[in-house]
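Here is how names work: the chains are called A, B, and so on, in the same order as the sequence lines, proteins then strands, and each is numbered from 1.
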Amino acid sequence: MSTRARRTSFPEVVIERDTDTDESSDEEEEEEVEDDVVESDDPAEEEEEEIEDKKGKDVGGSSTADKKGKTPITISLKKVCKVCKRTGHQAGFQGATYIDCPMKPCFLGKMPGHTTVNCPHRVAMEFGVIPASRKRTHSSLDYVFERQVRHGVPSIKPAFVIPDEVNCAVIRYHSRRVTCLEFHPTNNNILLSGDKKGQLGVWDFGKVYEKTVYGNIHNCLLNNMKFGPANDGTVYTASSDGTISCTDLETGLSTSLMDLNPNGWQGPSSWRMLYGMELNAEKGLVLVADNFGSLHLVDARSNSKKGDSILIHKKGTKVVGLHCNPLQPDLLLSCGNDHFARIWDMRRLEAESCLHGLPHKRVVNSAYFSPLSGSKIVTTSIDNRIRVWDSVFGNLDTPSREIVHSHDFNRHLTPFRAEWDPKDSSESLVVIGRYISENYNGAALHPIDFIDISTGQLVAEVMDPNITTISPVNKLHPRDDVLASGSSRSLFIWRPKEKSEMVQEKDKSKIMVCNGKNSKKFGDGSDNDDSGDDFSSKKGKNLKHKKANMVITPCKSSKKKKP
DNA sequence: ACCACATGACTCC
DNA sequence: TGGAGTCCCTGTGG
């Protein structure tokens with residue numbers, strides 16, 4: 001009732017603001033001067049037109065006869081596989097199920113002998129688990145862990161609570177895909193989100209409509225953010241524009257701590273981008289890593305760069321992740337495109353001083369210490385494997401577990417990152433989005449997976465028929481049983497089913513807020529259940545589900561700051 | 001329903 | 001070592 005009233009009251013606000021957004025984004029894109037590498041996807045090659053004899057060997061194309069001539073000519077459109085370009089089979093979606101090209105090895109594990117459809121790893125995850133090795137070494141790193149970390153390792157595993165139902169959402173919140181999410185450290189209902197354009201979203205999902213997008217902080221990808229340790233009303237952000245900013249969440253005013261491109265664009269070989277970021281509260285340091293393999297330290301109090309940059313990964317490669325050990329902040333974990341995650345001691349930090357290198361077969365998207373004891377490390381690599389490295393019960397030369405999981409990274413997606421549940425005292429629950437889709441009642445959906453890294457088993461796969469896009473960005477709430485996920489331009493808040501129902505009964509506010517051009521529809525009196533275009537893409541059209549409990553409303557108000 | 005486009009890792013030469 | 005070509009279960013807008 002109340003939602004309906006809100007929906008009809010404020011349609012213009014949404015449309016006006018969104019038009020604004022689109023225009024601004026177009027302008028910015030025109031300014032980008034980049035080499036246009038036109039890929040030649042010749043459609044003629046894909047559909048070979050062949051003139052054949054009367055015996056047309058059609059494989060599914062239509063045949064037409066030339067009615068002018070006496071001898072009819074059959075033209076068959078021979079379909080070729082879009083993957084291997086051969087005839088006789090077709091890769092692609094058949095309904096909601098994707099059929100692999102049989103000429104290629106398994107898409108998931110990259111192993112020959114089977115395709116993704118019958119891949120054992122896809123059916124049951126335990127197949128992809130390599131058990132822990134028990135051999136011990138006695139390196140300096142082992143010593144640090146033994147002395148400072150081991151006592152914090154918990155022994156009893158509690159039951160997992162899985163947020164498995166969408167509680168509220170903002171559809172098309174950002175104008176480009178979401179790149180990172182962060183929960184407020186003290187306010188339970190505030191979620192921060194960064195996007196590909198460098199915009200920062202501040203959403204109070206407790207009040208659903210309370211949402212802001214600050215567009216004047218960065219010019220391109222907002223890769224990482226961290227709340228200010230001394231003041232949780234501020235957030236530090238690192239961007240591909242080469243700057244670190246500190247932004248006041250109330251006003252949106254930001255100060256720049258560092259600019260690695262003070263002379264502007266001088267070509268791709270010199271343009272520095274910032275990816276990994278971490279704060280060391282004890283030392284008052286902001287740590288950032290760039291696309292040339294270097295780590296930069298910035299004093300947060302004086303906003304000045306501290307010392308020279310240090311080469312921590314192979315020269316010229318991206319360092320995408322930084323993480324300080326929760327118990328021992330002097331231990332720094334980094335990961336990047338040189339196929340390594342590395343552990344460093346901040347007290348003697350210099351090039352080549354890495355305590356340990358964790359080797360991977362491909363690029364490492366993320367590496368995180370376990371949130372409580374800091375004794376385990378979970379890494380996500382684009383070789384479709386989640387690796388667990390245990391400093392106490394295993395060693396760091398080889399992973400104590402490898403879990404095959406589909407998170408292969410397509411260049412158009414935000415990289416997948418397996419993230420710990422900060423509330424899980426057993427430090428075994430990890431959440432990660434799944435790339436590969438599954439057929440759920442005729443809909444191709446990409447679930448968000450909860451994995452028990454102590455067994456390698458899939459604890460839960462969470463999906464909603466309304467979310468047809470991949471959800472690469474996921475974050476579990478530090479205190480509540482809440483999952484936030486970023487999927488394309490939208491944000492979703494998940495809660496456990498029972499709790500979600502309780503909330504709904506109480507205030508009946510299970511709401512989806514819609515941004516975007518199509519919001520106009522909602523002001524035009526069309527009913528909720530039929531206005532699905534706003535959150536279903538092409539694949540979503542074969543959904544058999546109803547949008548059930550969700551109410552779609554345009555947003556009531558939104559502060560929006562443009563540069 | 002179609003197309004163009006954004007865009008990054010990797011292999012090969 | 002570096003540039004060109006290839007990969008191709010994306011998502012959006014026109």
Side-chain angles (χ1 to χ4, degrees), chain A residues 18-19 21-23 25-26 28-30 32 34-44 46-47 81-85 90-101 103-108 110 115-117 119 122 171-172 174-179 195-197 220-221 223 240 268-269 273 275 291 314-318 320 336-339 360-365 381-384 406-416 433-439 443-447 467-472 486-490 515-518 533-541:
Chain A
D18 210 74
T19 311
T21 309
D22 285 338
E23 278 176 9
S25 64
D26 288 341
E28 279 169 31
E29 265 156 26
E30 278 167 18
E32 287 175 18
E34 286 184 12
D35 291 358
D36 288 328
V37 183
V38 183
E39 288 181 25
S40 57
D41 280 2
D42 290 358
E46 290 190 32
E47 285 198 356
C81 171
K82 64 179 177 183
V83 176
C84 70
K85 313 285 187 249
Q90 281 252 276
F93 272 103
Q94 281 182 16
T97 308
Y98 188 88
I99 307 299
D100 260 6
C101 171
M103 309 311 255
K104 294 275 176 177
C106 172
F107 191 76
L108 180 57
K110 318 286 185 221
T115 60
T116 312
V117 173
C119 172
R122 177 169 174 150
I171 307 301
R172 301 190 182 196
H174 285 273
S175 56
R176 289 292 183 273
R177 60 164 215 253
V178 174
T179 53
D195 73 19
K196 207 188 101 176
K197 269 179 78 185
C220 54
L221 285 102
N223 290 314
S240 289
S269 58
M273 301 185 258
Y275 286 87
N291 58 327
K314 188 180 171 187
K315 195 178 178 186
T317 63
K318 242 190 325 195
V320 292
N337 281 24
D338 64 352
H339 301 191
H360 292 71
K361 293 206 173 66
R362 300 276 170 174
V363 164
V364 189
N365 287 345
S381 170
I382 63 170
D383 66 355
N384 273 338
S406 168
H407 50 258
D408 201 351
F409 150 60
N410 170 318
R411 64 175 174 270
H412 312 296
L413 296 172
T414 303
F416 290 86
R434 198 190 301 176
Y435 178 63
I436 205 160
S437 67
E438 306 284 351
N439 183 345
L445 302 178
H446 307 266
I467 308 172
T468 55
T469 48
I470 296 170
S471 306
S487 191
S488 186
R489 297 159 51 181
S490 307
N515 282 358
K517 281 182 182 168
N518 293 343
D533 286 349
D534 265 84
F535 48 119
S536 57
S537 63
K538 270 182 271 179
K539 263 185 275 166
K541 282 180 183 163

J.: Using modelled atom types only, decide if a donor and an acceptor are shared between the side chain of A:Thr179 and the backbone of A:Leu221 within a distance under 3.5 Å.
T.: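 Pair absent, no side-chain N/O of A:Thr179 close to backbone of A:Leu221.
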J.: Take the protein atom CG of A:Asn365 and the nucleotide atom P of B:dC10, then report the distance between them rounded to whole Å.
T.: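 Distance, rounded to whole Å: 10 Å.
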J.: Between A:Asn223 and A:Ser240, is any side-chain donor less than 3.5 angstrom from a side-chain acceptor?
T.: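 Yes - a donor-acceptor pair under 3.5 Å links their side chains.
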J.: Residues in ring-ring contact (aromatic ring centres under 6.0 Å, His included) with A:His174, at least two apart?
T.: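 Partners of A:His174 by the ring-ring contact (aromatic ring centres under 6.0 Å, His included) criterion come out as none, since no residue qualifies.
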J.: Closest approach to the side chain of A:Lys318, judged atom by atom: which nucleotide of B:dG8, C:dC9, C:dG11 is it?
T.: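 Nucleotide nearest to A:Lys318's side chain: B:dG8.
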J.: A:His446 pairs by side chain to side chain contact (heavy atoms under 4.5 Å, CB included) with which of A:Ile470, A:Ile467, A:Thr468?
T.: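 The side chain to side chain contact (heavy atoms under 4.5 Å, CB included) with A:His446 is passed solely by A:Ile470 among A:Ile470, A:Ile467, A:Thr468.
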J.: Taking the P atom of each, how far is B:dC12 from C:dC8, in whole Å?
T.: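 Comparing P positions in B:dC12 and C:dC8 gives a spacing of 15 Å.
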J.: I need the single residue from A:Asp383, A:Asp408, A:Asn337 that forms a side chain to side chain contact (heavy atoms under 4.5 Å, CB included) with A:Arg362. Which is it?
T.: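 For A:Arg362, the side chain to side chain contact (heavy atoms under 4.5 Å, CB included) test succeeds with only one of A:Asp383, A:Asp408, A:Asn337, which is A:Asp383.
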J.: Quick check for you: among C:dC9, C:dT12, B:dC10, whose closest atom lies nearest to any side-chain atom of A:Ile382?
T.: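 It is B:dC10.
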J.: Can you tell me the distance, in whole Å, between the CG atom of A:Asp408 and the P atom of B:dG8?
T.: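 So the CG-P distance, A:Asp408 to B:dG8, works out to 16 Å.
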J.: Quick one: A:Ile99 CD1 to C:dC8 C1', roughly how many Å, whole number?
T.: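 Atom CD1 in A:Ile99 sits about 17 Å away from atom C1' in C:dC8.
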J.: Does C:dG11 have its OP1 or OP2 closer than 4.0 Å to a side-chain nitrogen or oxygen of A:Lys196?
T.: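 No, outside the criterion.
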J.: Quickly work out the A:Asp383 CG to B:dG8 C1' distance and round it to whole Å.
T.: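 These atoms are roughly 16 Å apart.
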J.: C:dT10 phosphate, OP1 or OP2: any side-chain N/O from A:His446 under 4.0 angstrom?
T.: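 Negative; the distance criterion is not met.
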J.: Considering only atom P, compute the distance from C:dG13 to B:dT7 and round it to an integer number of Å.
T.: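 So the two P atoms sit 15 Å from each other.
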J.: A:Lys314 has an atom NZ; how far is it from atom C1' of B:dC10, in whole Å?
T.: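 Whole-Å distance recorded here is 12 Å.
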J.: Passes side chain to side chain contact (heavy atoms under 4.5 Å, CB included), A:His339 versus A:Val363? Steps please.
T.: CA-CA 5 Å; A:His339 301 191; A:Val363 164; 4.3 Å; yes
J.: Can you check nucleotides 11-13 of chain B for protein contacts, nitrogen or oxygen pairs under 3.5 Å, and list what you find?
T.:
none

J.: Does C:dG13 have OP1 or OP2 sitting under 4.0 Å from an N or O in the side chain of A:Arg489?
T.: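 Looking at the OP1 and OP2 atoms of C:dG13, one of them is under 4.0 Å from a side-chain N or O of A:Arg489.
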J.: With a cut-off of less than 4.0 Å, is there a side-chain N or O of A:Ser488 near OP1 or OP2 of C:dT12?
T.: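 So the side chain of A:Ser488 is within the cut-off, an N or O lying under 4.0 Å from OP1 or OP2 of C:dT12.
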J.: To the nearest Å, how far apart are A:Arg176 CZ and C:dT12 C1'?
T.: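 One finds 8 Å between C1' of C:dT12 and CZ of A:Arg176, rounded.
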J.: Find the distance A:Arg434:CZ to C:dT10:C1' and express it as a whole number of Å.
T.: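 About 17 Å, once rounded to whole Å.
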J.: Does A:Asp338 have any side-chain hydrogen bond (donor to acceptor under 3.5 Å, both in side chains) partners at least two apart in sequence or in another chain, and if so, which?
T.: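 A:His313, A:Arg342.
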J.: Between A:His412 and A:Val363, name the one whose nearest nucleotide on DNA chain B is closer to the 5' end.
T.: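 Looking at the nearest nucleotide for each, A:His412 comes out on the 5' side.
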J.: Angle between ring planes, A:His407 versus A:Phe416, binned at 30° and 60°: parallel, tilted or perpendicular?
T.: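 Taking A:Phe416 first and then A:His407, their aromatic rings sit tilted (interplane angle of 30° to 60°).
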J.: Does a side-chain N or O of A:Asn337 approach OP1 or OP2 of B:dA9 to a distance below 4.0 Å, or not?
T.: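 Indeed, a polar side-chain atom of A:Asn337 lies that close.
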J.: Rounding to an integer number of Å, can you tell me how far A:His407 NE2 sits from B:dA9 C1'?
T.: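 That distance rounds to 14 Å.
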J.: Between A:Arg172 and C:dG13, is there a contact of a side-chain N or O with OP1 or OP2 at under 4.0 Å?
T.: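 True: A:Arg172 side-chain N/O within range (under 4.0 Å) of C:dG13 OP1/OP2.
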